Student: 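Please read through the structure below; I'll follow up with questions.
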Amino acid sequence: MNIALKAKSRLQCKIPIHDRAAEQSCLALLQSCNSLPKLAQIHSRILKLGLLNNPLVLTKFTATSSDLNAIDYATSVIFSPESDTLLYDTFLFNTIIRAYAQINNLKTNSIECYNLMLEYGVSPNKFTYPFVLKACAGIGDLNLGKSVHGAVLKFQFGDDIHVQNTLVHMYGSCEGGIELGRKVFDEMSERDSVSWSAMIGGYARLGLSTDAIDLFRQMQISGVCPDEITMVTVLSACTDLGALEVGKWVESFIEKQMVNRSVGLCNALIDMFAKCGDVDKALKLFRSMNGRTIVSWTSVIAGLAMHGRGLEAVALFEEMLEAGVPPDDVAFVGLLSACSHCGLVDKGREYFDSMKNDFGIIPKIEHYGCMVDMLCRSGRVKEAHEFIQKMPIEANPIIWRTLISACCARGELKLAESITKRLIGNEPMHESNYVLLSHIYAKLLRWEKKTKIREVMDKRGMKKIPGSTLIELDNEIYEFVCGDKSHHQSKEIYEMLDEMGRKMKKAGYVPTTSEVLLDINEEDKEDALNKHSEKLAIAFALLKTPPGTPIRIVKNLRVCNDCHSATKFISKIYNREIVVRDRHRFHHFKDGSCSCRDFW
DNA sequence: TAAGTGCAAC
């Protein structure tokens, strides 16, 4: 739909005379309308009464419905050449701007409509800007947002708290806008829970989760009472960090401060517990809640899959079907990844077909990704390769990397090499491709080629994403990077590391030096491995926590082969359960083995 | 007629 085009021709149109009584009766009907079928009835009445060109009626029609067809219908009539321009007012424009701002992919229609409003000389009011800014946030265009901000100031709505709140939200949703959002936030004379939620949410979305949690602490000092949405936002920051202790604290805070937990809040708690390592708690919470939504089910199913408990995830999916909840595409991603993680290839294939045939869901790249992973894990590398070539959509780098890892694990090194080289051609600045290639060369014993990779990376000016590990102790979050010496107990940590190394070697641990990308001698390679952030974090935890208690750490990247092998030894030697969350899944180390069964 | 939030393949 092109609003502007439809509007152009109608500036000169004549003013029709309306039947006021009919208008009133229609408005009253719309007032009590609460369902789409009812709306359709009213629609036919509008037609019968000849009120098609009555903007008042159509505005109400638009406002009552969140149905896209109704909105499009109403706008096309409102802006048709026959409609009554003299009845165009702020309310009408606000309604349409709001309607489009609420629908994904149609946010630009909101902006188009707002521009039209200015073009016709209809004045925006303080209710206009929250809608317009919401649309800007959805589009994520910082320059657009800035220009609307300019208009806000020009029309002198800059002091309105709702406008300010949406400005914060808008800047927080646009790339590079967070600082400007913070400026608006800092300059506000008064802040309510929405202001704080918008700012905390901005940090959380950008992955600045520690900033989000810090700001939440400041909010408590400020005396503004957080609401459900604030808590959902803070929980998403906890989830991102893997900060289970902070998450638990948030849960108790919710219990103390709030009477009822909304479904949304419960879903956020479930997701937090699952992704912070306590999937049993997530399950318990899920069992205790009323009014579960598809998001609740999906969060637990995906959570179980992530912890390697695929069979339980599949059972839960079946339970969901029995409960009469129709699965959506996201639920199938969780289910298929569960099948993949517990080796249910045939069952997985059945579900994949059923998704299309029984539920009419067209598989997306993520679903194909699950299928490739499933075939790879069960050792059917060739089949996986054929599957990729037959896919109706083009494979993405994630899928290719899955296949490459499987090739390496199964000794299909030549195939791995050729795919990796092609991938580097497509994504020359993606570090993990080079790491993969270097592993392949190490396995092929092609040391000279392996050495060259580092040079290529340097020449292309690539920055290595530094590996880091988070650990939470006594409500504090500690971060370790490779070779970190910044901790005040650094000396003790490195002594612990030496002790761990000695005990591990005695138990039969051999460092996987082929992991190291640098061109250095074997001894230095061992040293480089030994300083990996996850080993530092584990050493720190062994020092600071009572014997026998579980250790939980969160790694920002995928855990490396050497750390994986070392952690297995450590779990046995020190008799500790070690729960490692990496970029993609959980590893539960216990008594010398890992829940991922060495495939990740 | 006003704001803010939650599930996704490696």
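The shown structure was predicted, so the numbers you read here are calculated from the model rather than taken from an experiment. Below, read A as the first sequence line, B as the second, and so on, with proteins coming before strands; counting in each chain starts at 1.
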Student: At less than 4.0 Å, is any side-chain N or O atom of A/H169 found next to OP1 or OP2 of B/dT5? Yes or no.
Tutor: yes
Student: On the nucleotide B/dA8, are OP1 or OP2 found under 4.0 Å from the side-chain N or O atoms that A/H584 carries?
Tutor: no
Student: Check the distance between B/dA8's P and A/D328's CG and give it to me in whole angstrom.
Tutor: 12 Å
Student: Counting any heavy atom closer than 4.0 Å, what does A/T95 reach on the DNA or RNA strands: base, sugar-phosphate only, or nothing?
Tutor: nothing
Student: Starting from C1' on B/dA8, measure out to CZ on A/F332 and report it in whole angstrom.
Tutor: 14 Å
Student: Is the distance from OP1 or OP2 of B/dG6 to the nearest side-chain N or O of A/K275 less than 4.0 Å?
Tutor: no
Student: Measure from the side-chain heavy atoms of A/N125 and tell me the nearest of B/dT1, B/dG6, B/dC10.
Tutor: B/dT1
Student: How many Å lie between CE on A/M355 and P on B/dA8, as a whole number?
Tutor: 17 Å
Student: With a non-hydrogen cut-off below 4.0 angstrom, is A/N267 in contact with a base, only sugar-phosphate, or nothing?
Tutor: base
Student: Using a heavy-atom cut-off of under 4.0 Å over every strand shown, decide if A/G334 touches base, sugar-phosphate, or nothing.
Tutor: nothing
Student: Does the side chain of A/R205 get closer than 4.0 angstrom to OP1 or OP2 of B/dT5 through an N or O atom?
Tutor: yes
Student: Across the strands shown, which category fits A/L133 at heavy-atom distances under 4.0 angstrom: base, sugar-phosphate, nothing?
Tutor: nothing
Student: Measure from the side chain of A/M306, starting at C-beta and using heavy atoms only, and say which of B/dC10, B/dA8, B/dG6 lies closest.
Tutor: B/dA8
Student: For A/L235 and B/dG6, what is the distance between atoms CG and P respectively, to the nearest whole Å?
Tutor: 11 Å
Student: Take the angle between the ring planes of A/Y88 and A/F93 and call it parallel below 30°, perpendicular above 60°, tilted in between.
Tutor: perpendicular
Student: Using atom CD1 of A/I399 as one end and atom P of B/dC10 as the other, report the distance to the nearest whole Å.
Tutor: 11 Å
Student: Do side-chain atoms of A/R581 reach the backbone of A/H587 as a donor and acceptor pair under 3.5 angstrom?
Tutor: no
Student: Which nucleotide wins on minimum distance to the side chain of A/N396, given the candidates B/dA9, B/dT5, B/dC7?
Tutor: B/dA9
Student: Which part of the nucleic acid, if any, lies within contact of A/D271, taking any heavy atom under 4.0 Å across all strands shown: a base, the sugar-phosphate backbone alone, or nothing?
Tutor: sugar-phosphate
Student: For the residue pair A/K356 and A/I362, establish whether any side-chain heavy-atom pair is separated by less than 4.5 Å.
Tutor: no
Student: Can you check the A/M391 CE to B/dA9 C1' distance for me, whole Å?
Tutor: 11 Å
Student: Checking all strands, does A/R98 fall into the base, sugar-phosphate, or nothing category for heavy-atom contacts under 4.0 angstrom?
Tutor: sugar-phosphate
Student: Figure out the CD/P separation between A/Q102 and B/dA2, and round it to whole Å.
Tutor: 10 Å
Student: Between B/dC7, B/dA9, B/dG6, spot the one nearest the side chain of A/V232, thanks.
Tutor: B/dG6
Student: Over how many whole Å does the gap from A/F387 atom CZ to B/dC10 atom C1' extend?
Tutor: 15 Å
Student: Given B/dG6, B/dA8, B/dA2, which nucleotide is nearest the side-chain atoms of A/D329?
Tutor: B/dA8
Student: Below 3.5 Å, does any donor atom in the side chain of A/K364 face an acceptor in the base of B/dA9, or the other way round?
Tutor: no
Student: Going by distance alone, is a donor N or O of one side chain under 3.5 Å from an acceptor N or O of the other, for A/S197 and A/T230?
Tutor: yes
Student: Should the heavy atoms of other residues, nucleotides or ligands under 6.0 Å from CD of A/E318 be counted, would the total exceed 12?
Tutor: yes
Student: Side chain of A/D160, base of B/dA2: donor and acceptor closer than 3.5 Å?
Tutor: no
Student: Side chain of A/V333 only, please: which of B/dA8, B/dC10, B/dG6 is the nearest?
Tutor: B/dA8
Student: Is it true that the side chains of A/H341 and A/R309 contain a donor and an acceptor less than 3.5 Å apart?
Tutor: no
